[in-house]
Amino acid sequence: FVMMKQLHKIILLALTLSILSCDDDSEKKGNLFDYIPQDASFIAKVSNLESFLADAKNSSIINKLEQPNPYTFFSEENAIFKHLRPTSPSIIAFSNVTDTSSVFTIITKETAGLFVADSIPNKTIETLAYDDIAFQRVTIDTDIAFMVRIDSVFIASTSQKSLQDIIKQPVQDNKTLLRVYSIKENADVDVIAKNNTVLMQDSTLANFASWTSLDMTILPDEIRGTGVALARDTVSQVLNVFKGQKPQPNELAKVIPTDALSATIITFNDAARLQNEISGFNNKANNTSKTGIFESVSELGHISLQKGA
């Protein structure tokens, strides 16, 4: 009986230790993904920030983008961020606070020489605290940024509130974002955008997908991107009309004029199903079983030219 009681205590102790040793999935473990702001609408995974910014600076297309431009911001516009020297992959996150206000955040592993402030003139560094975690308010000239180091992860943001939100937020639990984030683990530049919109025939904007990921190649006179888009079944999104379709060879790209402003091309293998899905998306009943010429093609395109489409 005594031995049984001792055995019972040993079993309870073993169970307690095993429970205490289990990983808590709700805690961050130094994974860059977990520190992406919850309100980020644009995310760039960059394997080499210095190379990425050099390519962006030499791109005639990127230099024509409207402000705020996340590419030039980190290399030219902000006196603080251009002093960052990460030697490991980084995440650049862009959040729209209002129509006229944006927040930039960079997330990377803490490494030697990442941010050396000693030789920077006209700087002020203040140490603040939030939730018992110390962070710095850094001012160089008239630019201000907020920096923190957590679990060997370095985070810098243009907004104190955004940085504090990152400090207190739990692990990123957006499963759709995680799926699209994990598609290209080792891409040089992987650009991820939220809730892309497309212009419909009635001149209204419709959500195309929940998230889109593009593996980017930036050249002086062109930008190439290949990737995927993910949509949710529970949300009305244009991408869902292609559910069940199998991609077909793309031939129209060969005849796009060199002076075209833009081109959109889709392929499909089941015209009847696509017609039904489009009717459902437009909240209209499909009253015909005929697909006409639609049945004899597997590719449609729209090309915009300077003098019309």
Side-chain angles (χ1 to χ4, degrees), residues 19-46 49 68 70 73-74 78-81 83-86 88-112 114-115 117 123-140 143-182 185 190-195 210-211 213 230 232 235:
I19 291 172
L20 291 174
S21 64
C22 288
D23 288 336
D24 184 356
D25 291 337
S26 65
E27 294 182 0
K28 302 168 187 173
K29 299 293 192 298
N31 186 350
L32 300 187
F33 175 81
D34 289 331
Y35 297 92
I36 295 175
Q38 299 284 0
D39 60 352
S41 58
F42 174 94
I43 301 163
K45 291 166 53 183
V46 182
L49 183 63
F73 180 85
F74 285 90
N78 188 282
I80 299 173
F81 285 91
H83 288 288
L84 297 180
R85 298 290 184 270
S88 62
S90 305
I91 294 175
I92 297 172
F94 172 81
S95 305
N96 285 315
V97 179
T98 65
D99 291 339
T100 58
S101 178
S102 304
V103 173
F104 290 93
T105 302
I106 186 167
I107 308 159
T108 189
K109 285 290 185 180
E110 174 71 20
T111 54
L114 173 60
F115 180 70
K123 67 176 183 299
T124 302
I125 299 178
E126 306 168 68
T127 298
L128 309 173
Y130 181 75
D131 275 0
D132 297 325
I133 295 178
F135 66 95
Q136 286 74 44
R137 172 190 167 108
V138 180
T139 304
I140 299 178
D143 292 323
I144 300 173
F146 302 87
M147 303 179 181
V148 69
R149 295 158 178 82
I150 307 174
D151 293 333
S152 300
V153 174
F154 172 90
I155 308 164
S157 177
T158 56
S159 165
Q160 179 174 340
K161 182 181 183 305
S162 291
L163 188 72
Q164 291 174 342
D165 288 343
I166 293 172
I167 291 173
K168 71 179 181 181
Q169 78 182 21
V171 296
Q172 262 286 0
D173 58 355
N174 188 321
K175 294 181 180 179
T176 305
L177 174 57
L178 178 59
R179 284 178 61 196
V180 77
Y181 178 91
S182 304
E185 291 287 357
D190 186 15
V191 173
I192 302 170
K194 182 181 181 180
N195 292 341
S210 296
W211 289 93
S213 172
L230 297 181
R232 293 168 54 192
V235 179

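These numbers come from the heavy atoms of this one structure, side chains and all, not from hydrogens, waters or symmetry mates.
Between Leu178 and Thr176, the closest side-chain pair of non-hydrogen atoms is not below 4.5 Å. Side-chain contact check for Leu32 versus Val153: some heavy-atom pair is nearer than 4.5 Å. Between Ile91 and Ile43 there is a side-chain heavy-atom pair separated by less than 4.5 Å. In this structure, the side chains of Pro37 and Val103 stay at 4.5 Å or more apart for every pair of heavy atoms. Contact of the Phe33 side chain with the Ile107 side chain is not registered, since no non-hydrogen atoms from C-beta on lie closer than 4.5 Å. Taking the side chain as every heavy atom from C-beta outward, Arg179 and Leu230 approach each other to under 4.5 Å. Taking 4.5 Å as the limit, every side-chain heavy atom of Phe115 sits out of range of all side-chain heavy atoms of Arg85.
Classification of the Phe94-Phe42 ring pair by plane angle, with boundaries at 30° and 60°, yields perpendicular.
Between Arg232 and Ser210, the shortest heavy-atom distance links the atoms CG-OG, 3.4 Å. Minimum interatomic distance between Ile80 and Ala145 (heavy atoms only, all atoms of both residues): CD1-N, 3.3 Å. The minimum heavy-atom distance linking Ser88 with Lys109 is given by the pair OG-CB, 3.4 Å. In terms of heavy atoms, Ser102 sits closest to Thr158 at O-OG1, 4.2 Å. When all heavy atoms of Lys194 and Ala40 are compared, the pair lying nearest together is CD-O, 3.8 Å. Between Pro86 and Leu49, the shortest heavy-atom distance links the atoms CG-CD2, 3.6 Å.
Going from atom CD1 of Ile166 over to atom NZ of Lys161 covers 10.5 Å, rounded to the nearest 0.5 Å. Taken to the nearest 0.5 Å, the CH2 atom of Trp211 stands 7.5 Å off from the CD1 atom of Ile192. With rounding to the nearest 0.5 angstrom, the CD atom of Gln38 is 9.5 Å from the CD1 atom of Ile36. From Leu128, atom CG reaches atom CD of Gln160 across 6.0 Å, with rounding to the nearest 0.5 Å. The structure places CG of Asp39 at 5.5 Å from OG of Ser162, a figure rounded to the nearest 0.5 Å. We find the CD-OG distance between Gln164 and Ser159 to be 8.0 Å, quoted to the nearest 0.5 Å.
Aromatic pair Phe81/Phe104: ring centres not closer than 6.0 Å.
Side chain of Lys45 to backbone of Pro89: no donor-acceptor contact under 3.5 angstrom is found. Judged by distance alone, with hydrogens and angles left aside, the side-chain atoms of Asn31 form no donor-acceptor pair with the main-chain N or O of Asp34 at under 3.5 Å.
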Pair up each side-chain donor or acceptor in residues 131-140 with any protein partner under 3.5 Å, not counting sequence neighbours, and list the distances.
residue: Gln136; atom: OE1; partner: Arg149; partner atom: NH1; Å: 3.4
residue: Arg137; atom: NE; partner: Glu126; partner atom: OE2; Å: 3.2

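Side chain to side chain, Asp190 and Ser213 meet the donor-acceptor criterion of an N or O pair below 3.5 Å.
For the pair Lys168 and Tyr130, the NZ or CZ position fails the cation-pi test of under 6.0 Å to the six-membered ring centre and within 45 degrees of the ring normal.
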Residue pair Ile155, Phe146: steps toward the side-chain contact (heavy atoms from CB on, under 4.5 Å) verdict: CA-CA 8 Å; Ile155 308 164; Phe146 302 87; over 6 Å; no

Apply side-chain contact (heavy atoms from CB on, under 4.5 Å) to residues Phe154 and Val148 and explain how you reach the verdict. CA-CA 6 Å; Phe154 172 90; Val148 69; over 6 Å; no

